[in-house]
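Proteins come first, then strands; the chains are lettered A, B, ... in the order of their sequence lines, and each starts at number 1.
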Number of protein chains: 2
Amino acid sequence: MTTLRDRAAIIGIGQTAFSKQSGITEHRAACEAIRAAIDDAGLAPKDIDGFVRYDIESNTELALIYSLGIPHLRFFAGVTSGGGAVCGTLVLAAMAIATGQARNVVCFRARNRGKRSISTPGKFGGGRPWERQPQQVADFYQYHTPFGLITPAQEMALIYHRHMHEYGTTTEHFGQVAVAQRTHAERNPNAVMRQPITLSDHQSSRWIAEPLRMLDCCLETDGACAVVVTSRERARDAQHTPAYILAGAQAEGPIHIQLSDYFTHRNEETGGRSVAKQIYEMAEVSPRDINAAMFYDHFSPAVLTSLEDYGFCKPGESGPFVAAGNIQWPHGRLPVNTHGGSLSEAFIHGFNHILEGVRQIRGTSTCQVENAELVLVTSSNTDPTGAVLLRR
Amino acid sequence: MTTLRDRAAIIGIGQTAFSKQSGITEHRAACEAIRAAIDDAGLAPKDIDGFVRYDIESNTELALIYSLGIPHLRFFAGVTSGGGAVCGTLVLAAMAIATGQARNVVCFRARNRGKRSISTPGKFGGGRPWERQPQQVADFYQYHTPFGLITPAQEMALIYHRHMHEYGTTTEHFGQVAVAQRTHAERNPNAVMRQPITLSDHQSSRWIAEPLRMLDCCLETDGACAVVVTSRERARDAQHTPAYILAGAQAEGPIHIQLSDYFTHRNEETGGRSVAKQIYEMAEVSPRDINAAMFYDHFSPAVLTSLEDYGFCKPGESGPFVAAGNIQWPHGRLPVNTHGGSLSEAFIHGFNHILEGVRQIRGTSTCQVENAELVLVTSSNTDPTGAVLLRR
């Protein structure tokens with residue numbers, strides 16, 4: 001039986017500068033990041049024959065390959081969602097490579113909130129959230145939007161409240177995630193937010209949607225990130241240490257409300273828990289084998305639930321796990337988001353986490369985990385989702 | 001080397017009624033077609049673990065699997081474009097199956113033009129084409145939209161004019177395609193347009209964008225189509241004759257303007273010609289082995305250029321090839337669009353062509369080609385594109 005295990009590797013990474021207002025279009029940002037990733041891979045545009053993007057991406061492959069001088073694609077695909085798409089792009093790239101449909105595949109994400117607010121009004125900027133709702137609310141949004149659960153912060157607040165209610169998790173636990181990641185970001189020259197914060201700063205930051213405070217929320221960032229994925233065989237000739245995709249998986253269901261899966265019990269095999277089972281089976285490893293994790297962190301408590309979903313601690317024990325310093329670099333058991341994550345480096349819809357995973361494998365992170373052999377990278381751990389295990 | 005050759009098969013097909021105004025949402029249409037395909041495959045919703053859609057599809061996987069009672073997906077992806085996506089959905093499904101990322105994958109397309117005109121104004125309906133242009137024209141549309149090349153008919157008209165200029169192709173040749181397909185549709189109870197037409201009817205139908213007349217243009221149809229793809233091994237237990245995906249490919253470039261690739265020479269290996277080369281190599285067959293073809297036919301001359309791209313005749317000889325009756329069922333060398341195609345059965349963005357390909361393999365078409373062993377199905381033969389070879 002063919003599987004994706006160890007069939008593909010990331011050999012190139014590239015990014016733009018991250019900022020609140022880049023002043024460049026999403027097209028240009030994507031081209032800059034992709035070009036940098038191709039250079040980093042030691043390849044030329046003519047070597048690229050596949051593209052995977054988030055399906056919400058504004059850049060089309062046609063426009064990008066024309067601008068980049070990529071002559072011809074033999075594979076192109078998209079993955080549903082924003083934060084749910086991240087690792088799915090690598091899974092699709094690995095599939096194409098494993099079946100010989102493509103040789104060198106670019107995966108990327110580019111964002112410019114300013115541009116988006118002109119071309120697709122209502123998503124970013126432009127008044128209060130409820131003013132930005134379209135007249136006709138589509139899909140399952142119709143079931144919670146009328147009750148004021150409009151923004152991701154509002155939707156996720158209920159899920160995190162439930163975690164607090166069931167397990168005694170506190171907002172201090174959330175704060176310990178935010179502080180740990182900011183401490184990592186202080187060493188990262190690419191991070192947007194590098195000034196130190198304390199738990200007290202966190203606790204005094206304003207509510208966004210209780211129990212989420214401002215310092216629990218990810219940044220909103222302009223910028224782009226890209227990687228080049230190739231076959232295991234071709235990766236041997238790469239100019240940098242390849243990050244092999246030891247395992248990768250996607251999952252969606254069985255509770256099918258994006259973000260707001262209020263009816264899921266935390267012991268059901270859904271979202272991150274489903275993906276975790278798939279990748280551990282494929283990789284034949286367990287959480288204790290993993291040296292670092294880049295968890296999708298639109299909100300700091302997403303790191304808590306991810307720690308549980310991926311088996312680093314039992315359900316309900318993530319708060320104390322974090323409080324004990326386990327996610328801090330350099331001495332924690334499992335350094336998490338060593339670039340600062342979406343809370344402090346940049347919010348590129350989680351794609352920057354893949355790049356940090358690769359840097360850990362290469363040994364080039366600004367918070368380098370010694371002898372990092374195995375790094376977990378995840379998409380948002382609600383539906384849809386995905387994850388990859390990168391190995392040296 | 002792993003390839004997609006013969007790794008997957010279509011074991012279920014399903015569709016809604018086709019009409020000009022269905023009165024049902026795209027969500028319901030998709031559910032009806034997918035449910036029918038799952039039933040036809042002899043499976044239950046719980047057996048489905050993958051989904052592939054056109055990226056312009058309004059239906060999300062989340063909403064569909066919830067409504068259909070599909071518990072959990074392990075694979076989901078989208079393909080760029082409308083008519084360029086058709087066969088790419090099968091290629092991605094086959095990749096997922098070949099690598100073990102999914103067992104049974106649904107591919108589908110659902111359309112309701114009325115609903116779209118409410119939720120995404122400007123695409124269908126609502127005034128003249130130039131009134132429907134957004135203020136800011138994105139991507140490469142900015143290079144031809146200001147010159148009045150706004151609708152697909154206007155864009156493609158120039159390409160077909162060039163074919164007439166270079167090779168002496170005539171609008172009568174276009175008409176012979178339209179008449180042949182209508183003759184096929186007369187036998188198809190699912191076809192929207194079944195009243196006979198003559199070449200004279202074609203020649204007297206009004207100009208849409210010279211040299212394209214009304215009877216050269218595809219219908220605009222409400223409806224949905226779906227298929228279920230599974231592995232070669234599981235297909236052996238299917239309740240209907242499986243249509244094995246002997247080969248499949250996608251292509252994009254090197255001239256990267258969707259539809260309007262005015263600068264491509266017809267002897268360059270781009271679009272359909274690139275895909276043709278890939279699938280013939282993978283399948284180790286040549287055009288003469290193929291018993292029927294379902295060509296994407298947004299306009300009747302697309303059948304002419306596809307006949308050339310896929311090697312059924314030399315560049316420039318497609319007009320005389322059609323005039324000699326070669327695409328007509330039952331006596332033609334290569335019966336084409338035996339369901340009536342997008343010109344006479346329905347325009348479901350080409351997805352109905354896949355279903356007809358499967359019916360030919362099963363022996364259940366209303367214009368059944370005797371002993372059909374090998375059927376070609378194609379996406380739109382400009383960029384992006386794709387094709388599959390189905391075998392019994």
Quick check: do [X] and [Y] have side-chain heavy atoms less than 4.5 Å from each other?
X	Y	result
A/Pro384	B/Leu62	yes
A/Arg53	B/Thr80	yes
A/Arg74	B/Gln250	no
B/Arg7	A/Thr2	yes
B/Thr99	A/Thr99	yes

Which answer fits A/Ala94, side chain, backbone, both or neither, if we ask what part of it has an atom under 4.5 Å from a heavy atom of chain B?
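For A/Ala94, there is no contact with chain B at all, as no heavy atom is under 4.5 Å.
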
Please walk me through it: do A/Phe75 and B/Met95 pass side chain to side chain contact (heavy atoms under 4.5 Å, CB included)?
CA-CA 11 Å; A/Phe75 163 67; B/Met95 278 184 197; 3.4 Å; yes

For B/Asp49, does its backbone N or O pair with a side-chain atom of A/Glu252 as donor and acceptor, under 3.5 Å?
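Side chain of A/Glu252 to backbone of B/Asp49: no pair is present.
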
What part of B/Ala102 is in contact with chain A, defined as an atom under 4.5 angstrom from a non-hydrogen atom: side chain, backbone, both or neither?
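Neither the backbone nor the side chain of B/Ala102 comes within 4.5 Å of chain A.
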
Spatial distance of atom OH (B/Tyr54) from atom CG (A/Asp55) [nearest 0.5 Å]:
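One gets 16.0 Å once the value is rounded to the nearest 0.5 Å.
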
Leading residue by heavy atom contact count with chain B [cutoff under 4.5 Å; candidates [options]]:
options	result
A/Leu73, A/Leu4, A/Val91	A/Leu73
A/Ser274, A/Gly88, A/Ala249	A/Ser274
A/Gln278, A/Glu61, A/Met282	A/Glu61

Nearest atoms (heavy-atom pairs only) where A/Gly253 meets B/His72:
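That would be O-CD2, 3.2 Å.
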
